[in-house]
Protein chains: 2
Amino acid sequence: MKLDTAANILAKIGNPTRLKIVRLLVRAGDEGMPVGMIQKKLGIPGSTLTHHITHLKSAAVIRQERRQATLVCKMEFDVLRNLVDYLTEECCADVASAEDAA
Amino acid sequence: MKLDTAANILAKIGNPTRLKIVRLLVRAGDEGMPVGMIQKKLGIPGSTLTHHITHLKSAAVIRQERRQATLVCKMEFDVLRNLVDYLTEECCADVASAEDAA
DNA sequence: ACGGTATTTCTAGAATTATCAAAATAATAA
DNA sequence: TTATTATTTTGATAATTCTAGAAATACCGT
């Protein structure tokens, strides 16, 4: 993963509202969650929610699939996994601590 | 870790310049790296570098220790580790993939 | 086609963030 | 103390981001 890509993803999920969305979707698993339900849970205007969803989509953190009249948001788990790998592959490489076995 | 804390850390390291600093310090390990050397590696003005270092310190991502005339920046590895844990404890919990054994 | 629900686009103001030159401070050596 | 190197503070400008109201679009049942 390129540094700019990682920085972009980190910046996107580094906003409290968007991190809340990410957490909801992570818990929702592969089923995802409709925009409307996210809006209810967060209690914010639709336009504001769309703004944040657009950010998350632009970094491929989430994707949307239409199911009937509702749009379902789903976590891109691979992207999140790659991001964590990017951080951990460098992280702690020089720090052979005892906690590794935990 | 509180959501706002995690979001703040993510936002801080979600900037290309600051992510570069983090990577340098992660590679530097517990020895750390002086501000001046970081500045040489990144090729940016000192005032700009200080601005970003201040951000990283405010989120406790790094700390500074004076050694003679130079200030040495060091990674707070525990904070980074906690952040990754925060993301991974929720992440992939519902996604039992085959790559887990890798 | 019409009405209702779901969601986005447009728009704009407020708030935050990034950048860097210039001046100031800190530590050390001569 | 003066000079020198190292780093920060100040201050100003430019750019980005957040927020949300109003209007527009998309889909579906009748």
Side-chain angles (χ1 to χ4, degrees), chain A residues 3-25 28 31-76, chain B residues 3-25 28 31-76:
Chain A
L3 184 136
D4 282 344
T5 304
N8 188 42
I9 295 173
L10 289 165
K12 297 309 186 189
I13 66 179
N15 168 283
T17 301
R18 289 198 289 268
L19 188 54
K20 279 174 197 154
I21 296 172
V22 164
R23 296 211 117 206
L24 284 177
L25 294 182
E31 270 193 34
M33 186 180 285
V35 175
M37 186 174 294
I38 297 174
Q39 187 183 350
K40 252 180 212 157
K41 297 237 183 196
L42 298 190
I44 60 178
S47 58
T48 302
L49 178 56
T50 295
H51 167 253
H52 288 298
I53 286 176
T54 301
H55 274 278
L56 291 173
K57 281 195 295 183
S58 81
V61 174
I62 69 173
R63 68 181 185 281
Q64 280 181 313
E65 289 171 18
R66 185 169 285 283
R67 198 160 59 192
Q68 319 273 7
T70 75
L71 269 175
V72 177
C73 297
K74 298 186 181 183
M75 196 66 206
E76 290 279 15
Chain B
L3 184 136
D4 283 343
T5 304
N8 188 42
I9 295 173
L10 289 165
K12 297 309 187 190
I13 66 179
N15 168 282
T17 300
R18 290 197 290 266
L19 188 53
K20 280 174 197 154
I21 296 171
V22 165
R23 295 212 119 205
L24 284 177
L25 293 182
E31 270 192 36
M33 185 180 286
V35 174
M37 186 174 294
I38 297 175
Q39 186 182 351
K40 252 180 214 159
K41 298 236 182 198
L42 298 190
I44 60 178
S47 57
T48 302
L49 178 57
T50 295
H51 167 253
H52 288 299
I53 286 177
T54 301
H55 274 279
L56 291 173
K57 280 195 296 184
S58 81
V61 174
I62 71 173
R63 69 181 185 282
Q64 280 181 313
E65 289 171 18
R66 185 168 286 283
R67 198 160 60 193
Q68 319 273 8
T70 75
L71 267 176
V72 178
C73 298
K74 298 187 181 182
M75 195 67 207
E76 291 278 16

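Order of the sequence lines fixes the chain letters, A, B, ..., with proteins taken first and strands second; residue numbering starts at 1 for each chain. Source: prediction; values computed, not measured.
Between A:Leu56 atom CG and D:dC18 atom P the separation is 10 Å, expressed in whole Å. In this structure, B:Arg67 places its CZ atom 16 Å from C1' of D:dT7, rounding to the nearest Å. Rounding to whole angstrom units, CD1 of residue A:Ile13 and C1' of D:dC18 are separated by 18 Å. In this structure, the CD atom of B:Gln39 is 14 Å from the P atom of D:dT5, given to the nearest Å. One can place CD1 of A:Ile44 at 15 Å from C1' of D:dT17, the figure rounded to the nearest angstrom. To the nearest angstrom, P of D:dC18 lies 13 Å from NZ of A:Lys20. As rounded to whole Å, 14 Å separates atom P of D:dT17 from atom CG of A:Leu10.
Applying side-chain contact (heavy atoms from CB on, under 4.5 Å) to B:Pro45 and the options B:Leu49, B:Thr48, B:Leu42 leaves one that passes, B:Thr48. Among B:Lys57, B:Arg63, B:Lys12, the one residue that satisfies the salt bridge (Lys or Arg N to Asp or Glu O under 4.0 Å) test with B:Glu76 is B:Arg63.
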task: Please report the C-alpha distance between B:Arg18 and B:Ile53 in whole Å, then the side-chain angles of each, then the deciding distance to 0.1 Å, and finally whether the side chain to side chain contact (heavy atoms under 4.5 Å, CB included) criterion is met.
output: CA-CA 8 Å; B:Arg18 290 197 290 266; B:Ile53 286 177; over 6 Å; no

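Considering every non-hydrogen atom in both B:Ala6 and A:Leu19, the closest pair reads CB-CD2, 4.0 Å.
With D:dT7, D:dC18, D:dG21 as the choices, the nucleotide that has an atom nearest any side-chain atom of B:Thr70 turns out to be D:dT7. Here D:dT8 is the nucleotide among D:dC28, D:dC18, D:dT8 with the atom lying nearest to any side-chain atom of B:Leu71. For A:Asn15, the listed nucleotide lying nearest its side chain is D:dC18; candidates were D:dT8, D:dT7, D:dC18.
B:Gln68 comes within 4.0 angstrom of the backbone, heavy atoms only, and of no base. Contacts of B:Arg18 with the nucleic acid, taken as non-hydrogen atoms under 4.0 Å apart, involve only primed sugar atoms and P, OP1 or OP2. Residue contacts for B:His51: at a heavy-atom cut-off of 4.0 Å it reaches a base atom on one of the strands shown. Contacts of A:Gly46 with the nucleic acid, taken as non-hydrogen atoms under 4.0 Å apart, include base atoms.
Protein chain A touches strand DNA chain C; the 5'-most and 3'-most nucleotides with an atom under 4.0 angstrom of its non-hydrogen atoms are C:dA6 to C:dT9.
Between A:His52 and A:His55, the ring planes lie tilted relative to each other; the angle falls in the 30° to 60° range.
The phosphate of D:dA6 has neither OP1 nor OP2 within less than 4.0 Å of any side-chain N or O from B:Arg66.
Two residues are said to be in side-chain contact when any heavy atoms from C-beta on lie closer than 4.5 Å; B:Leu56 and B:Ile13 meet this criterion.
A salt bridge does not link B:Glu65 to B:Arg67: none of the charged side-chain nitrogens sits closer than 4.0 Å to a carboxylate oxygen.
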